[in-house]
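Whatever order the structure lists them in is the order used to number ligands and atoms, beginning at 1. Since this is a predicted model, take the numbers as computed values, not measurements.
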Amino acid sequence: MTPDAVIPLLRVDDLAVEFDTPKGPLRAVRGVSFQVDEGETLAIVGESGSGKSVTAQALLGLVPPRARVTGGRVVIEGRDVTGLPDREWQRLRGERIAMIFQDPLSALNPSLTVGYQIAEMFRRHRGLGRAESRRLATELMVQVGIPDAARRLDDHPHRFSGGMRQRVMIAMALALDPRLLIADEPTTALDVTVQAQILRLLRQRQRAERLGMILISHDLGVVARAADRVAVMYAGRIAEVGTVAEVYERPAHPYTLGLMRAVPAHPHTRDVPAPRDGGGPLVAIDGHPPDPTAPPAGCSFHPRCPFARDKCREVEPEPREVAPGRTSACHFAEEVMAGVHTDAR
Ligand code: SF4
(Lines give C-alpha, C1' and ligand atoms only; values in the text may rest on other atoms or scores of the structure.)
Protein backbone atom coordinates (compact mmCIF):
# COMPACT_ATOMS: atom_id res chain seq x y z
CA MET A 1 0.00 0.00 0.00
CA THR A 2 1.36 3.47 -0.87
CA PRO A 3 1.82 5.79 2.14
CA ASP A 4 -1.07 8.05 1.10
CA ALA A 5 -3.46 5.25 0.07
CA VAL A 6 -6.93 5.84 1.52
CA ILE A 7 -8.36 2.91 3.45
CA PRO A 8 -11.99 2.34 2.45
CA LEU A 9 -14.54 2.45 5.24
CA LEU A 10 -15.73 -1.02 4.28
CA ARG A 11 -14.21 -3.64 2.06
CA VAL A 12 -15.93 -6.93 1.31
CA ASP A 13 -13.80 -9.54 -0.45
CA ASP A 14 -15.23 -12.70 -1.98
CA LEU A 15 -17.93 -13.10 0.69
CA ALA A 16 -19.82 -16.40 0.74
CA VAL A 17 -22.78 -17.36 2.97
CA GLU A 18 -24.51 -20.74 2.99
CA PHE A 19 -27.73 -22.02 4.58
CA ASP A 20 -28.22 -25.62 5.67
CA THR A 21 -31.45 -26.93 4.11
CA PRO A 22 -32.99 -30.42 3.90
CA LYS A 23 -32.14 -30.30 0.14
CA GLY A 24 -28.48 -29.56 0.88
CA PRO A 25 -26.45 -26.36 1.17
CA LEU A 26 -28.09 -23.26 -0.22
CA ARG A 27 -25.45 -20.82 -1.42
CA ALA A 28 -27.21 -17.54 -0.67
CA VAL A 29 -24.18 -15.28 -1.28
CA ARG A 30 -21.31 -16.26 -3.59
CA GLY A 31 -18.10 -14.38 -4.25
CA VAL A 32 -19.49 -10.94 -3.37
CA SER A 33 -16.93 -8.11 -3.37
CA PHE A 34 -17.40 -4.34 -3.07
CA GLN A 35 -16.23 -1.38 -1.08
CA VAL A 36 -17.81 1.71 0.46
CA ASP A 37 -15.91 4.95 1.05
CA GLU A 38 -16.51 7.68 3.58
CA GLY A 39 -19.43 9.94 2.58
CA GLU A 40 -20.64 7.52 -0.09
CA THR A 41 -23.92 5.63 -0.52
CA LEU A 42 -23.79 2.26 -2.22
CA ALA A 43 -27.17 0.74 -3.06
CA ILE A 44 -27.56 -3.01 -3.31
CA VAL A 45 -30.57 -3.91 -5.44
CA GLY A 46 -32.08 -7.23 -6.39
CA GLU A 47 -35.25 -9.31 -6.26
CA SER A 48 -36.21 -11.17 -3.06
CA GLY A 49 -33.84 -14.07 -2.61
CA SER A 50 -31.02 -12.39 -4.56
CA GLY A 51 -28.84 -12.34 -1.42
CA LYS A 52 -28.89 -8.61 -0.68
CA SER A 53 -30.32 -8.82 2.85
CA VAL A 54 -28.15 -11.83 3.78
CA THR A 55 -25.12 -9.81 2.62
CA ALA A 56 -26.19 -6.95 4.92
CA GLN A 57 -26.68 -9.34 7.83
CA ALA A 58 -23.18 -10.76 7.29
CA LEU A 59 -21.75 -7.24 7.44
CA LEU A 60 -23.29 -6.88 10.90
CA GLY A 61 -22.20 -10.33 12.11
CA LEU A 62 -25.89 -11.28 12.27
CA VAL A 63 -26.41 -14.15 9.82
CA PRO A 64 -29.52 -16.24 10.66
CA PRO A 65 -29.08 -19.35 12.84
CA ARG A 66 -29.08 -21.88 9.98
CA ALA A 67 -26.60 -19.84 7.93
CA ARG A 68 -22.84 -19.42 8.16
CA VAL A 69 -20.16 -17.36 6.46
CA THR A 70 -18.18 -19.92 4.46
CA GLY A 71 -15.65 -17.67 2.78
CA GLY A 72 -14.29 -14.21 2.20
CA ARG A 73 -13.53 -11.23 4.43
CA VAL A 74 -15.30 -8.19 5.80
CA VAL A 75 -12.88 -5.36 6.60
CA ILE A 76 -14.18 -2.28 8.46
CA GLU A 77 -11.83 0.73 8.65
CA GLY A 78 -8.89 -1.54 7.86
CA ARG A 79 -9.80 -4.14 10.52
CA ASP A 80 -10.75 -7.67 9.47
CA VAL A 81 -13.94 -8.40 11.43
CA THR A 82 -14.74 -11.77 9.85
CA GLY A 83 -15.42 -14.34 12.55
CA LEU A 84 -15.22 -11.91 15.48
CA PRO A 85 -16.68 -13.28 18.73
CA ASP A 86 -20.19 -12.08 19.52
CA ARG A 87 -19.03 -9.81 22.37
CA GLU A 88 -16.81 -7.84 20.00
CA TRP A 89 -19.60 -7.60 17.42
CA GLN A 90 -21.91 -6.11 20.04
CA ARG A 91 -19.36 -3.34 20.57
CA LEU A 92 -18.96 -2.70 16.86
CA ARG A 93 -22.70 -2.58 16.21
CA GLY A 94 -23.92 0.88 17.07
CA GLU A 95 -20.40 2.25 17.67
CA ARG A 96 -18.91 1.74 14.18
CA ILE A 97 -21.73 0.26 12.12
CA ALA A 98 -25.47 0.76 12.62
CA MET A 99 -28.61 -0.58 11.02
CA ILE A 100 -31.94 0.98 10.05
CA PHE A 101 -34.65 -1.62 9.58
CA GLN A 102 -37.64 -1.67 7.24
CA ASP A 103 -40.23 -1.96 9.99
CA PRO A 104 -39.53 0.35 12.94
CA LEU A 105 -42.59 -0.88 14.81
CA SER A 106 -41.13 -4.34 15.24
CA ALA A 107 -37.62 -2.98 15.87
CA LEU A 108 -38.81 -0.66 18.68
CA ASN A 109 -39.98 -1.97 22.06
CA PRO A 110 -43.71 -1.09 22.27
CA SER A 111 -43.71 -0.98 26.07
CA LEU A 112 -40.94 1.64 26.42
CA THR A 113 -41.07 5.33 25.53
CA VAL A 114 -39.05 6.39 22.49
CA GLY A 115 -37.02 8.75 24.68
CA TYR A 116 -36.05 5.88 26.97
CA GLN A 117 -35.04 3.75 24.00
CA ILE A 118 -32.85 6.44 22.44
CA ALA A 119 -31.35 7.45 25.82
CA GLU A 120 -30.61 3.78 26.54
CA MET A 121 -27.97 3.90 23.75
CA PHE A 122 -26.04 6.52 25.74
CA ARG A 123 -26.56 4.83 29.10
CA ARG A 124 -25.52 1.38 27.92
CA HIS A 125 -22.69 2.23 25.52
CA ARG A 126 -21.35 5.44 27.05
CA GLY A 127 -22.25 4.97 30.74
CA LEU A 128 -23.95 8.39 30.88
CA GLY A 129 -26.44 9.33 33.59
CA ARG A 130 -30.21 9.67 33.14
CA ALA A 131 -30.39 13.47 32.72
CA GLU A 132 -27.51 13.69 30.24
CA SER A 133 -28.84 10.73 28.22
CA ARG A 134 -32.27 12.37 27.99
CA ARG A 135 -30.72 15.64 26.91
CA LEU A 136 -28.77 13.93 24.12
CA ALA A 137 -31.87 11.93 23.10
CA THR A 138 -33.86 15.17 22.77
CA GLU A 139 -31.06 16.73 20.71
CA LEU A 140 -31.09 13.74 18.36
CA MET A 141 -34.88 13.87 17.99
CA VAL A 142 -34.59 17.53 17.00
CA GLN A 143 -31.83 16.70 14.49
CA VAL A 144 -33.99 14.08 12.76
CA GLY A 145 -36.93 16.48 12.52
CA ILE A 146 -39.33 15.24 15.22
CA PRO A 147 -41.46 18.28 16.17
CA ASP A 148 -41.93 19.13 19.85
CA ALA A 149 -39.14 16.68 20.70
CA ALA A 150 -38.88 17.44 24.44
CA ARG A 151 -42.54 16.56 24.99
CA ARG A 152 -42.64 13.58 22.63
CA LEU A 153 -39.71 11.96 24.43
CA ASP A 154 -42.19 10.35 26.81
CA ASP A 155 -44.53 8.95 24.15
CA HIS A 156 -44.61 5.26 23.27
CA PRO A 157 -43.90 4.13 19.67
CA HIS A 158 -47.58 3.49 18.78
CA ARG A 159 -48.28 7.24 19.24
CA PHE A 160 -45.95 8.06 16.32
CA SER A 161 -46.79 7.86 12.61
CA GLY A 162 -44.82 5.44 10.41
CA GLY A 163 -42.57 8.26 9.14
CA MET A 164 -41.92 9.60 12.66
CA ARG A 165 -41.11 6.08 13.92
CA GLN A 166 -38.58 5.74 11.12
CA ARG A 167 -37.07 9.06 12.26
CA VAL A 168 -36.77 7.59 15.77
CA MET A 169 -34.94 4.58 14.29
CA ILE A 170 -32.59 6.91 12.42
CA ALA A 171 -31.93 8.82 15.67
CA MET A 172 -31.07 5.55 17.43
CA ALA A 173 -28.82 4.47 14.56
CA LEU A 174 -26.94 7.80 14.65
CA ALA A 175 -26.71 8.01 18.46
CA LEU A 176 -23.21 6.58 18.84
CA ASP A 177 -21.69 8.32 15.79
CA PRO A 178 -21.21 5.18 13.66
CA ARG A 179 -19.08 5.47 10.52
CA LEU A 180 -21.17 3.07 8.45
CA LEU A 181 -24.95 2.92 8.19
CA ILE A 182 -26.85 -0.01 6.70
CA ALA A 183 -30.43 0.83 5.72
CA ASP A 184 -32.46 -2.25 4.76
CA GLU A 185 -35.52 -1.12 2.75
CA PRO A 186 -35.88 1.90 5.07
CA THR A 187 -38.83 3.43 3.23
CA THR A 188 -40.73 0.42 1.88
CA ALA A 189 -43.52 0.67 4.47
CA LEU A 190 -44.03 4.43 3.93
CA ASP A 191 -46.15 6.39 1.48
CA VAL A 192 -44.40 8.25 -1.33
CA THR A 193 -44.33 11.71 0.32
CA VAL A 194 -42.99 10.41 3.64
CA GLN A 195 -40.57 8.17 1.72
CA ALA A 196 -39.09 11.26 0.03
CA GLN A 197 -38.75 13.05 3.41
CA ILE A 198 -36.97 10.09 5.01
CA LEU A 199 -34.61 9.68 2.05
CA ARG A 200 -33.80 13.40 2.21
CA LEU A 201 -33.14 13.17 5.95
CA LEU A 202 -30.87 10.15 5.53
CA ARG A 203 -28.95 11.89 2.78
CA GLN A 204 -28.58 15.10 4.86
CA ARG A 205 -27.33 13.25 7.96
CA GLN A 206 -25.06 11.06 5.90
CA ARG A 207 -23.47 14.08 4.19
CA ALA A 208 -23.19 16.08 7.43
CA GLU A 209 -21.43 13.22 9.25
CA ARG A 210 -19.51 11.90 6.19
CA LEU A 211 -21.00 8.47 6.83
CA GLY A 212 -20.68 5.58 4.46
CA MET A 213 -24.08 4.07 3.75
CA ILE A 214 -25.34 0.83 2.25
CA LEU A 215 -28.91 1.11 1.05
CA ILE A 216 -30.62 -2.23 0.46
CA SER A 217 -33.60 -1.83 -1.82
CA HIS A 218 -35.74 -3.50 -4.43
CA ASP A 219 -36.91 -0.08 -5.62
CA LEU A 220 -34.98 1.45 -8.52
CA GLY A 221 -36.59 4.87 -7.98
CA VAL A 222 -35.41 5.01 -4.35
CA VAL A 223 -31.91 4.00 -5.45
CA ALA A 224 -31.80 6.73 -8.12
CA ARG A 225 -32.73 9.32 -5.49
CA ALA A 226 -30.48 8.22 -2.67
CA ALA A 227 -27.35 6.41 -3.92
CA ASP A 228 -24.04 7.29 -5.57
CA ARG A 229 -23.18 3.79 -6.77
CA VAL A 230 -25.25 0.67 -7.23
CA ALA A 231 -24.48 -3.05 -7.04
CA VAL A 232 -27.07 -5.21 -8.80
CA MET A 233 -27.41 -8.69 -7.27
CA TYR A 234 -28.77 -11.77 -8.96
CA ALA A 235 -28.85 -15.31 -7.54
CA GLY A 236 -26.39 -14.56 -4.74
CA ARG A 237 -23.80 -12.83 -6.91
CA ILE A 238 -23.12 -9.27 -7.98
CA ALA A 239 -24.10 -8.92 -11.62
CA GLU A 240 -22.62 -5.45 -11.96
CA VAL A 241 -21.41 -2.39 -10.07
CA GLY A 242 -21.06 1.23 -11.18
CA THR A 243 -22.29 4.73 -10.52
CA VAL A 244 -26.07 5.05 -10.55
CA ALA A 245 -25.93 7.32 -13.62
CA GLU A 246 -23.75 4.87 -15.59
CA VAL A 247 -25.62 1.72 -14.64
CA TYR A 248 -29.04 3.25 -15.35
CA GLU A 249 -27.96 4.80 -18.65
CA ARG A 250 -25.76 2.00 -19.99
CA PRO A 251 -26.21 -1.32 -18.18
CA ALA A 252 -23.29 -3.75 -18.44
CA HIS A 253 -25.29 -6.87 -17.60
CA PRO A 254 -28.39 -8.26 -19.38
CA TYR A 255 -30.22 -8.64 -16.05
CA THR A 256 -29.85 -4.91 -15.32
CA LEU A 257 -30.80 -4.14 -18.91
CA GLY A 258 -34.00 -6.17 -18.43
CA LEU A 259 -34.82 -4.28 -15.23
CA MET A 260 -34.30 -0.91 -16.90
CA ARG A 261 -36.34 -1.84 -19.95
CA ALA A 262 -39.23 -3.09 -17.83
CA VAL A 263 -40.05 0.33 -16.35
CA PRO A 264 -40.80 3.59 -18.18
CA ALA A 265 -38.11 6.29 -18.10
CA HIS A 266 -38.92 9.65 -16.59
CA PRO A 267 -36.92 12.79 -16.01
CA HIS A 268 -35.50 12.72 -12.55
CA THR A 269 -34.72 14.99 -9.67
CA ARG A 270 -31.04 14.07 -9.36
CA ASP A 271 -30.07 14.24 -13.05
CA VAL A 272 -30.21 10.50 -13.20
CA PRO A 273 -32.67 8.78 -15.50
CA ALA A 274 -35.18 7.28 -13.07
CA PRO A 275 -36.92 4.13 -14.18
CA ARG A 276 -40.22 5.24 -12.71
CA ASP A 277 -41.45 8.59 -11.56
CA GLY A 278 -42.02 8.46 -7.81
CA GLY A 279 -40.14 5.18 -7.48
CA GLY A 280 -41.18 1.64 -8.17
CA PRO A 281 -40.26 -1.95 -7.45
CA LEU A 282 -38.22 -4.20 -9.69
CA VAL A 283 -40.41 -5.53 -12.48
CA ALA A 284 -40.34 -9.22 -13.33
CA ILE A 285 -38.24 -10.42 -16.23
CA ASP A 286 -39.43 -13.51 -18.14
CA GLY A 287 -38.68 -16.77 -16.35
CA HIS A 288 -37.74 -17.30 -12.71
CA PRO A 289 -34.61 -16.92 -10.62
CA PRO A 290 -32.82 -20.30 -10.31
CA ASP A 291 -33.30 -22.73 -7.42
CA PRO A 292 -30.37 -21.68 -5.19
CA THR A 293 -29.83 -25.28 -4.04
CA ALA A 294 -29.35 -26.36 -7.68
CA PRO A 295 -28.25 -23.37 -9.79
CA PRO A 296 -27.72 -23.99 -13.52
CA ALA A 297 -24.22 -24.64 -14.87
CA GLY A 298 -22.36 -21.65 -16.26
CA CYS A 299 -23.96 -18.24 -15.82
CA SER A 300 -26.95 -18.48 -13.45
CA PHE A 301 -28.85 -15.93 -15.59
CA HIS A 302 -28.46 -17.89 -18.85
CA PRO A 303 -31.97 -19.51 -18.87
CA ARG A 304 -33.48 -15.98 -18.91
CA CYS A 305 -30.85 -14.16 -20.92
CA PRO A 306 -31.48 -13.03 -24.51
CA PHE A 307 -27.70 -12.69 -25.02
CA ALA A 308 -26.85 -16.26 -23.88
CA ARG A 309 -24.56 -18.42 -26.03
CA ASP A 310 -22.86 -21.79 -25.59
CA LYS A 311 -20.07 -20.32 -23.45
CA CYS A 312 -22.69 -18.95 -20.99
CA ARG A 313 -24.11 -22.43 -20.39
CA GLU A 314 -20.66 -23.85 -19.62
CA VAL A 315 -18.51 -21.17 -17.96
CA GLU A 316 -19.58 -19.06 -14.99
CA PRO A 317 -18.49 -15.47 -15.70
CA GLU A 318 -16.22 -13.86 -13.11
CA PRO A 319 -16.70 -10.18 -12.25
CA ARG A 320 -14.27 -8.07 -14.29
CA GLU A 321 -13.64 -4.41 -14.92
CA VAL A 322 -15.44 -3.33 -18.09
CA ALA A 323 -14.87 0.44 -17.77
CA PRO A 324 -13.13 2.57 -15.12
CA GLY A 325 -14.96 1.96 -11.83
CA ARG A 326 -17.38 -0.53 -13.38
CA THR A 327 -17.46 -4.29 -13.04
CA SER A 328 -19.73 -6.81 -14.69
CA ALA A 329 -20.08 -10.57 -14.35
CA CYS A 330 -21.09 -11.15 -17.98
CA HIS A 331 -19.00 -12.70 -20.77
CA PHE A 332 -20.49 -10.25 -23.24
CA ALA A 333 -20.73 -7.07 -21.16
CA GLU A 334 -19.19 -4.92 -23.90
CA GLU A 335 -21.95 -5.93 -26.33
CA VAL A 336 -24.62 -5.20 -23.73
CA MET A 337 -23.11 -1.77 -23.09
CA ALA A 338 -22.89 -1.06 -26.80
CA GLY A 339 -26.56 -1.96 -27.21
CA VAL A 340 -25.81 -4.87 -29.56
CA HIS A 341 -28.66 -7.31 -29.06
CA THR A 342 -27.66 -10.82 -30.00
CA ASP A 343 -30.49 -13.20 -29.38
CA ALA A 344 -28.49 -16.36 -29.84
CA ARG A 345 -31.03 -18.82 -28.47
FE1 SF4 B 1 -26.24 -13.52 -20.44
FE2 SF4 B 1 -24.10 -14.96 -20.98
FE3 SF4 B 1 -23.85 -12.56 -19.90
FE4 SF4 B 1 -24.80 -14.58 -18.48
S5 SF4 B 1 -22.73 -14.41 -19.32
S6 SF4 B 1 -25.60 -12.56 -18.51
S7 SF4 B 1 -25.98 -15.67 -20.01
S8 SF4 B 1 -24.65 -13.03 -21.93
Side-chain angles (χ1 to χ4, degrees), residues 12-18 26-34 42-52 54-55 71-72 216-218 220 223 227 229-263 265 273 275 281-345:
V12 178
D13 290 330
D14 214 16
L15 184 69
V17 181
E18 278 186 18
L26 183 159
R27 297 172 68 202
V29 174
R30 302 180 292 139
V32 163
S33 301
F34 58 83
L42 173 76
I44 303 182
V45 302
E47 298 162 293
S48 319
S50 60
K52 57 189 193 307
V54 178
T55 300
I216 311 283
S217 184
H218 67 286
L220 296 168
V223 169
R229 289 189 304 128
V230 56
V232 180
M233 283 194 79
Y234 182 79
R237 301 192 85 205
I238 291 188
E240 72 167 296
V241 185
T243 67
V244 171
E246 287 168 345
V247 170
Y248 279 40
E249 275 166 23
R250 208 159 59 106
H253 193 284
Y255 175 61
T256 320
L257 186 65
L259 296 178
M260 297 301 158
R261 282 186 175 163
V263 285
L282 301 184
V283 173
I285 295 169
D286 282 349
H288 301 284
D291 174 353
T293 60
C299 174
S300 47
F301 190 57
H302 86 248
R304 305 171 78 184
C305 181
F307 288 73
R309 297 174 212 173
D310 289 347
K311 182 179 181 182
C312 306
R313 293 177 257 276
E314 287 153 19
V315 183
E316 181 159 42
E318 290 303 323
R320 63 193 171 86
E321 188 167 84
V322 292
R326 292 196 70 182
T327 58
S328 168
C330 171
H331 294 309
F332 303 106
E334 288 76 7
E335 289 182 21
V336 181
M337 292 171 83
V340 181
H341 182 266
T342 318
D343 194 338
R345 287 179 299 179

List every atom of ligand 1 that sits less than 4.0 Å from any heavy atom of F307, numbering the atoms from 1 in the order shown and giving each element.
8 (S)

Under the criterion side-chain hydrogen bond (donor to acceptor under 3.5 Å, both in side chains), I'd like the reasoning laid out for T243 against E246: C-alpha separation, chi angles, the key distance, then a yes or no.
CA-CA 5 Å; T243 67; E246 287 168 345; 3.2 Å; yes

Do M233 and V32 have side chains that get closer than 4.5 Å, going by heavy atoms?
yes

Would you kindly specify which portion of C330 sits under 4.0 Å from ligand 1, judged on non-hydrogen atoms: side chain, backbone, both or neither?
both

What verdict does the side-chain contact (heavy atoms from CB on, under 4.5 Å) test give for C312 and F332, after you've listed the backbone C-alpha separation in whole Å, the side-chain angles of each residue and the deciding distance to 0.1 Å?
CA-CA 9 Å; C312 306; F332 303 106; 3.5 Å; yes

Nearest protein heavy-atom contact for atom 2 (Fe) of ligand 1: which residue, which atom, what distance?
C312 SG, 2.2 Å

Candidates P289, P254, P290 - the one meeting side-chain contact (heavy atoms from CB on, under 4.5 Å) with R304:
P289

Less than 4.5 Å apart, any side-chain heavy atom of H218 and any of S48?
no

Per-atom contacts of ligand 1 with H253, taking only distances under 4.0 Å to non-hydrogen atoms
6 (S)

Among all protein heavy atoms, pick out the one at the shortest distance from atom 5 (S) of ligand 1; state its residue, atom name and that distance to 0.1 Å.
H331 N, 3.4 Å

C299 near atom 1 (Fe) of ligand 1: N/O/S under 2.8 Å:
no

Could you name the option among A308, P254, C305 that has the heavy atom nearest to atom 1 (Fe) of ligand 1?
C305

Relative to the heavy atoms of F332, which atoms of ligand 1 are at a distance of less than 4.0 Å?
8 (S)

What part of K311, side chain, backbone, both or neither, has a heavy atom within less than 4.0 angstrom of ligand 1?
neither

Side chain of H253, backbone of V336: donor and acceptor closer than 3.5 Å?
no

Indicate the ring-plane relationship of Y234 and Y255, choosing parallel, tilted or perpendicular according to the 30° and 60° boundaries.
tilted

